[in-house]
Visitor: 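Below you will find the structure I want to go over with you.
Residue numbering restarts at 1 for every chain, and letters A, B, ... go by the order of the sequence lines. Fair warning: this is a prediction, and the values are worked out from it, not measured in the lab.
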2 protein chains.
Amino acid sequence: MTDKVLDDISHRRYNPLNGSWLLVSPHRTKRPWQGQQEAPALNKLPEYDPQCYLCPGNKRAQGDSNPQYKNTFAFVNDYSAVKEEQQEYHPEKNSNGEDDIASLLLQAQPAIGRCYVLTFSAKHDTTLADMSASEIVPVIETWTRIYASHLSSSHPLQAAAQRALSEIPPNPDGEVEPPKKELQLRYMQIFENKGAAMGCSNPHPHCQIWTTSTLPEEPGKELVQMTKYHREHKGRHLLEDYVKVEMAKNERVVWQNDAFLVVCPWWAVWPFEVLVIAKRHVRALVELTPEERLQFAEAVQEVTRRYDNLFETNFPYSSGIHQAPLDCTEEEAEMSWFHMHFYPPLLRSATVRKFLVGYELMAEPQRDITPEQAAARLRDCGGKLYRKSLQ
Amino acid sequence: MTDKVLDDISHRRYNPLNGSWLLVSPHRTKRPWQGQQEAPALNKLPEYDPQCYLCPGNKRAQGDSNPQYKNTFAFVNDYSAVKEEQQEYHPEKNSNGEDDIASLLLQAQPAIGRCYVLTFSAKHDTTLADMSASEIVPVIETWTRIYASHLSSSHPLQAAAQRALSEIPPNPDGEVEPPKKELQLRYMQIFENKGAAMGCSNPHPHCQIWTTSTLPEEPGKELVQMTKYHREHKGRHLLEDYVKVEMAKNERVVWQNDAFLVVCPWWAVWPFEVLVIAKRHVRALVELTPEERLQFAEAVQEVTRRYDNLFETNFPYSSGIHQAPLDCTEEEAEMSWFHMHFYPPLLRSATVRKFLVGYELMAEPQRDITPEQAAARLRDCGGKLYRKSLQ
Ligand SMILES: [Zn+2]
Ligand SMILES: [Zn+2]
């Protein structure tokens with residue numbers, strides 16, 4: 001059992017995945033709130049919205065028309081944060097070497113890539129929480145095919161990718177042509193922003209997929225930490241050990257099946273942060289078996305449905321998948337361990353949110369309720385999606 | 001001059017202060033926005049609000065009454081994130097050493113400390129932007145006295161602290177008794193959350209001061225980076241060189257006086273992020289001369305007034321001061337360089353904000369407009385506070 005005293009005292013917890021600490025203040029949970037209240041999210045959306053740029057058949061900003069797709073539909077983001085083609089950049093270097101303080105302190109590097117948008121459903125008014133696991137499977141299959149098609153030709157997971165591509169039937173609307181071979185990209189970040197509270201302007205269920213020529217900070221830090229752990233601890237994997245310890249303690253576990261563990265991690269920053277971890281050493285989407293894809297869909301369904309049930313609202317969050325880079329060494333692939341983060345901002349109700357500001361920006365992340373309390377709440381709100389009983 | 005091409009292409013920039021990269025996508029600035037719009041902040045507040053727990057003479061949640069203070073008033077936060085006294089915590093260790101994966105992966109440490117609230121003015125309806133530099137000086141003097149009174153007795157800056165305490169007249173309402181000697185704390189984080197967009201529930205101008213027994217992540221990372229730079233670059237300081245290179249380039253400078261440089265840093269994450277840096281090697285508040293305290297007040301006034309002028313609104317932000325720890329080695333004090341960060345969330349108007357979500361949480365920070373563009377906008381909106389002309 002966790003030392004009981006941590007339920008009452010201020011303490012810091014260590015996040016071994018990214019190597020940083022956060023402050024936990026469980027005694028503050030009775031603090032009154034006078035701040036901004038958000039209106040509960042409306043759930044009365046139409047199944048088809050003629051104004052939505054993601055609904056089947058509609059026109060997008062740049063004039064392209066969406067096909068009459070069935071579930072997933074992928075296209076290149078009209079306002080991508082990175083592009084495939086741009087002018088080259090070669091930083092100027094002064095010749096005075098070490099004393100060239102501009103080169104030292106004003107460092108930049110070019111970043112190229114491609115950003116996709118991917119719908120989860122043709123229905124404007126649905127969410128992952130409303131979908132069944134078997135309806136979520138096509139989303140995971142599309143993620144898998146897109147990831148597989150972007151892998152470098154010499155990638156250590158290339159055989160698994162070929163197996164996955166042959167197993168999963170192609171979906172013409174969910175296909176994307178990878179960039180040309182000379183533009184092999186380094187990382188693919190799949191992420192979803194859900195809800196106005198997360199700055200998401202369109203309720204049509206969708207995610208984004210940003211591929212870049214560089215390894216981003218967060219998965220990069222995790223890879224360094226996981227590699228270090230592996231070296232220092234007799235070849236055991238960090239998340240392999242973490243799954244073991246969480247299953248043994250059974251204090252932060254929200255839900256599990258044979259293939260996936262769902263926990264509020266020991267180091268959670270967001271009040272109801274959740275980590276979905278593969279129980280066996282899966283390095284990337286392409287290594288999931290058909291049965292594991294279904295089990296992953298179940299895990300995603302359980303998390304999102306419990307989130308909505310928690311405050312009987314359309315629960316906002318950002319989620320994202322971390323896995324092996326698209327282009328990587330044998331060791332980097334081996335050190336990767338498939339997992340998915342969910343970072344939701346709500347704290348005590350549909351209208352009370354947590355802000356990452358002030359101390360959190362200037363000093364370090366801070367939370368009030370403990371991850372053990374959050375996990376207990378999420379365990380208790382399983383069952384049918386609350387909206388289904390209201391209909 | 002910055003390579004012109006960086007105005008057009010996606011690239012990453014390096015933040016040498018915290019050792020991480022961010023993604024810059026300047027080509028995206030023409031992106032349309034369909035998301036949440038916030039109501040412009042009201043400026044029609046009363047000078048005194050009987051419901052405000054910060055106004056002079058009012059009662060606070062725990063029943064204490066505020067004195068009839070003149071400008072600054074400091075008190076211990078009724079809902080502190082850390083407390084001075086709490087049960088002790090000694091993590092359990094199993095005896096199986098390296099194989100005790102619970103001790104490895106569920107690490108915690110106790111955190112004690114004390115949190116203060118400090119008002120900037122007796123007037124409920126003012127802000128730093130409304131105050132003159134000479135009205136801001138008492139705020140800086142109070143910060144200085146509070147910092148000085150919390151320094152460890154053997155601190156390398158103890159002589160400077162004594163000088164500052166003798167120079168600055170005591171302000172009984174702004175005094176706080178430091179914790180008892182046995183509870184010497186490690187760090188003092190002074191920060192302001194301004195505006196409902198930053199989760200701040202009370203418009204009465206105030207900041208928070210959190211003192212902790214541990215060195216928080218952000219100033220800790222900066223201290224490591226500044227120390228490394230000093231060792232690797234012939235004993236030069238990172239921010240000393242950075243001031244030099246920004247003054248020479250003159251592309252990101254917003255404003256300056258003899259003692260302080262105000263820039264949109266090369267590595268800014270927030271659209272109009274600003275860094276105020278001491279030009280000479282000031283390690284902490286206590287080393288500022290009376291003239292430098294006035295010049296720091298001018299810098300804070302220039303930043304906050306320009307922020308309000310930018311979109312003619314009461315501009316929200318989180319700001320914070322980084323300086324030498326309260327308890328530190330000779331080297332840690334020497335490596336510290338006094339500076340203040342401003343992180344404002346607004347992007348294109350009083351109602352369009354930036355969200356740090358999705359890719360930023362899962363992968364790495366990303367911005368659209370360049371720091372050079374932001375600095376140009378902030379340079380151009382000096383002059384009188386826009387509200388003064390409306391009255
Ligand atoms: Zn991760
Ligand atoms: Zn700093």
Visitor: Name the region of Tyr229(B), side chain, backbone, both or neither, that has any atom closer than 4.5 Å to a heavy atom of chain A.
Guide: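 Contact with chain A involves the side chain of Tyr229(B) alone.
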
Visitor: At a 4.5 Å cut-off on heavy atoms, which part of Ile190(A) comes close to chain B: side chain, backbone, both, or neither?
Guide: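 Neither the backbone nor the side chain of Ile190(A) comes within 4.5 Å of chain B.
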
Visitor: Are the ring centres of Phe191(B) and Trp210(B) closer than 6.0 Å?
Guide: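 Yes, the ring centres sit under 6.0 Å apart.
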
Visitor: Pick from Tyr242(B), Tyr359(B), Tyr89(B): which one has the most heavy-atom pairs with chain A under 4.5 Å?
Guide: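 Option with the greatest count: Tyr359(B).
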
Visitor: In terms of side-chain heavy atoms, does Gln86(B) have a donor or acceptor partner in His27(A) at a distance below 3.5 Å?
Guide: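 No, no side-chain donor-acceptor pair sits under 3.5 Å.
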
Visitor: Between Arg367(A) (side chain only) and Trp270(A) (backbone N and O only), is there a donor and an acceptor less than 3.5 Å apart?
Guide: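 Yes: the side chain of Arg367(A) pairs with the backbone of Trp270(A).
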
Visitor: If you count heavy-atom pairs under 4.5 Å between each of Lys244(B), His341(B), Glu192(B) and chain A, which one has the most?
Guide: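 Result: the option with the highest number of such pairs is His341(B).
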
Visitor: Taking every non-hydrogen pair under 4.5 Å, which of Pro365(A), Gly113(A), Gly358(A), Ser213(A) racks up the most with chain B?
Guide: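 Heavy-atom pairs under 4.5 Å are most numerous for Gly358(A).
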
Visitor: Evaluate the ring planes of Tyr317(A) and Phe342(A), with Trp represented by its six-membered ring, and classify them as parallel (under 30°), tilted (30 to 60°) or perpendicular (over 60°).
Guide: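 Rings of Tyr317(A) and Phe342(A): perpendicular, as their planes differ by over 60°.
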
Visitor: Among the options Leu105(A), Leu356(A), Ile112(A), pick out the one with the most heavy-atom pairs lying under 4.5 Å from chain B.
Guide: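 Most heavy-atom pairs within the cutoff with chain B belong to Leu105(A).
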
Visitor: Taking all atoms of both residues into account, what is the closest heavy-atom pair of Val82(B) and Arg114(B), and its distance?
Guide: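 Minimum heavy-atom separation between Val82(B) and Arg114(B): CG2-N, 3.8 Å.
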
Visitor: Which atoms of Gln87(A) come close to chain B, meaning under 4.5 Å heavy atom to heavy atom: side chain ones, backbone ones, both, or neither?
Guide: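 Gln87(A) touches chain B through backbone and side-chain heavy atoms alike.
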
Visitor: Heavy atoms only, distances under 4.5 angstrom: which of Asn15(B), Asp241(B), Ile321(B) has the most pairs with chain A? Name it, please.
Guide: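 It is Asp241(B).
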
Visitor: Does any backbone or side-chain atom of Ile9(B) lie under 4.5 Å from a heavy atom of chain A? Answer side chain, backbone, both or neither.
Guide: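 Both parts, heavy atoms under 4.5 Å.
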
Visitor: If we only count heavy atoms from C-beta on, is the Pro265(B) to Leu17(B) side-chain gap below 4.5 Å?
Guide: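 Result no, sub-4.5 Å side-chain heavy-atom pair not found.
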
Visitor: Salt bridge check: are Glu360(B) and Lys354(B) linked by an N-O gap of less than 4.0 Å?
Guide: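 Result for this pair is yes, salt bridge flagged.
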
Visitor: What part of Ser80(A) gets closer than 4.5 Å to chain B, counting heavy atoms only: side chain, backbone, both or neither?
Guide: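 For Ser80(A), the backbone is the part near chain B, not the side chain.
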
Visitor: So what's closer than 4.5 Å to chain A heavy atoms on Gln366(B): side chain, backbone, both or neither?
Guide: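 Only the side chain of Gln366(B) comes within 4.5 Å of chain A.
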
Visitor: Counting only non-hydrogen atoms closer than 4.5 Å, does His322(B) touch chain A with its backbone (N, CA, C, O), its side chain (CB onward), both, or neither?
Guide: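 The side chain, not the backbone.
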
Visitor: Are Arg12(A) and Tyr14(A) close enough that a side-chain donor and a side-chain acceptor fall under 3.5 Å?
Guide: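 Absent: no donor and acceptor within the cut-off.
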
Visitor: Report the C-alpha separation of Cys200(B) and Lys194(B) in whole Å, then their side-chain angles, then the decisive distance to 0.1 Å, and conclude whether the side-chain contact (heavy atoms from CB on, under 4.5 Å) test is met.
Guide: CA-CA 6 Å; Cys200(B) 180; Lys194(B) 185 181 167 240; over 6 Å; no

Visitor: Please classify the contact of Gln189(A) with chain B as side chain, backbone, both or neither, using a heavy-atom distance under 4.5 Å.
Guide: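 The side chain, not the backbone.
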
Visitor: Below 4.5 Å from any heavy atom of chain B, which atoms of Glu88(A) appear? Answer side chain, backbone, both or neither.
Guide: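 For Glu88(A), backbone heavy atoms alone lie under 4.5 Å from chain B.
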
